[in-house]
Amino acid sequence: VQVIGTGFLLKDYERGEFNCSWQEWLDYSIGEVFESDLPAKLQILSTQESDRALRFIEAIKEWKFQPALTHANLVPKNLIISPSGEASVIDWGTALAQRVPHGELAETFVWEPGEPFIQAFLEGYGLTNDELHRIREDVAKLELLRIFDSVRWAEINMPERVQDYSNLARKKFDRFLGKDRGLRTT
């Protein structure tokens, strides 16, 4: 579903217009994480690593695309499979207008689903593994922003999850930019 604007908040239901531009949404999201240097403050990354992560993520500011509505939380608990195998998606409470399929892939990959789920996801989106490979680095940029934003959210709303999310953020940084660098499918 194509929409106008980007973000979580729908300001005009009839037109499908969201509350901000891609640039405004990124400035807010990146600012919330990196202006306070949250990754270094929580000792997830060094200051130098945090700067590298920021430069990696900021490249997405240049994207030009038509935003579309995404679920933004496609995990098994939000899918109902009928006896005939037809899938229905429930719980659209975190829906987000963003780049498709990049945003939906990043939201899904951040929680490291298993290979069967990834293959079903790709099939549902009509994507091949080759197509995923071509966009994987761009997806990784959103994925890294998403996990650091989840750390920020947990610090405020679920302090007991901060360490788990921080560990996952560190793992993602190492995968995309650190010692284990090499973009893999998952």
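Predicted model, so just to flag it, every value in this text is computed and none were measured.
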Show the nearest heavy-atom pair for residues V3 and G16, with the distance to one decimal. CB-O, 3.3 Å
Decide whether V151 and I156 are clustered together by the hydrophobic rule: side chain heavy atoms of Ile, Leu, Val, Met, Phe, Trp, Tyr closer than 4.5 Å, transitively. no
So that I can tick it off, tell me whether E49 and R170 are bridged by a salt bridge, with the cut-off set at under 4.0 angstrom between side-chain N and carboxylate O. yes
Give a yes or no on whether E86 atom CD has more than 12 heavy-atom contacts from other residues, nucleotides or ligands under 6.0 Å away. no
Before accepting this row, confirm whether a basic side-chain N of the pair K171/D174 lies closer than 4.0 Å to the acidic partner's carboxylate O. no
State, to 0.1 Å, how close P67 and A97 come at their nearest heavy-atom pair, and which atoms those are. CB-C, 4.5 Å
Y28, L10: one ILVMFWY side-chain cluster at the under-4.5 Å cut-off? no
Between T94 and N73, is there a side-chain donor-acceptor contact under 3.5 Å, judged purely by atom types and distance? no
Pair D149-S29, side chain to side chain donor-acceptor pair (under 3.5 Å): steps then yes or no: CA-CA 7 Å; D149 190 55; S29 298; 5.6 Å; no
So, the side chain of E62 versus the backbone of A59: is there a donor-acceptor pair under 3.5 Å, distance only? no
Return yes if a side-chain donor-acceptor contact under 3.5 Å exists between Q98 and T6, otherwise no. no
Do the non-hydrogen side-chain atoms of K64 and R99 ever get within less than 4.5 Å of each other? no
OG on S166 to CD1 on I44, rounded to 0.5 Å: 3.5 Å
Indicate the atoms forming the closest heavy-atom contact of F173 with L144, along with that distance. N-CD1, 3.8 Å
Got a second to check how far L122's CG is from L132's CG, nearest 0.5 Å? 5.5 Å
Locate the shortest heavy-atom distance separating A154 from Y165; write the atom from each residue and the value. CB-CD2, 3.6 Å
What distance do E137 atom CD and L142 atom CG have between them, rounded to the nearest 0.5 Å? 12.0 Å
Donor-acceptor contact present, side-chain H71 to main-chain I90, <3.5 Å: yes
Separation between CZ of R146 and CG of L96, rounded to the nearest 0.5 Å: 9.0 Å
Test salt bridge (Lys or Arg N to Asp or Glu O under 4.0 Å) on R136 and E143 and set out the steps. CA-CA 10 Å; R136 188 61 181 107; E143 190 177 342; 2.9 Å; yes
Applying ring pair (Phe, Tyr, Trp, His ring centres under 6.0 Å) to Y125 and not counting sequence neighbours gives F121
Determine whether a donor-acceptor pair (N or O, by modelled atom type, separation under 3.5 Å) exists between the side chain of N78 and the backbone of L74. no
Looking only at the aromatic ring of each residue, does the gap between the centers of F117 and W111 stay below 6.0 angstrom? no
Whether the Q119 and E123 side chains hold a donor-acceptor pair (N or O, under 3.5 Å, no angle test) is what I'd like checked. no
Check: L69 and F18 side chains under 4.5 Å, non-hydrogen atoms: yes
All heavy atoms of P39 vs all of V33, minimum pair found to be CD-O, 3.7 Å
What distance separates S150 OG from R152 CZ, expressed to the nearest 0.5 Å? 8.5 Å
Please determine whether the number of non-hydrogen atoms from other residues, nucleotides or ligands lying under 6.0 Å from atom CD of Q43 exceeds 12. no
Could you tell me whether K141 sits above the aromatic face of F56, with NZ or CZ closer than 6.0 angstrom to the six-membered ring centre and within 45 degrees of the axis? yes
Any L79 side-chain heavy atom under 4.5 Å of S88 side chain: no
Side-chain ion pair, K61 and D27, N-O less than 4.0 Å: yes
Residue pair L38 / F148: nearest heavy atoms and the distance that separates them: CD2-O, 3.9 Å
Using side chain to side chain contact (heavy atoms under 4.5 Å, CB included), reason through I135 and L105 one step at a time and then give a plain yes or no. CA-CA 10 Å; I135 64 172; L105 287 164; 3.7 Å; yes
Roughly how far, to the nearest 0.5 Å, is CG of N19 from NZ of K11? 7.5 Å
Please walk me through it: do D164 and R161 pass salt bridge (Lys or Arg N to Asp or Glu O under 4.0 Å)? CA-CA 5 Å; D164 293 338; R161 298 301 307 267; 3.4 Å; yes
Do the charged groups of R175 and E112 touch, with an N to O distance under 4.0 Å? yes
Are the side chains of N129 and H133 in touch, meaning some heavy atoms are under 4.5 Å apart? no
For S21, does its backbone N or O pair with a side-chain atom of E24 as donor and acceptor, under 3.5 Å? yes
Do F8 and I4 share a hydrophobic cluster, counting only Ile, Leu, Val, Met, Phe, Trp and Tyr and linking them when any side-chain heavy atoms are less than 4.5 Å apart? no
In chain order, what residues pass the ring pair (Phe, Tyr, Trp, His ring centres under 6.0 Å) check against W22, with sequence neighbours excluded? W25, W63, F65
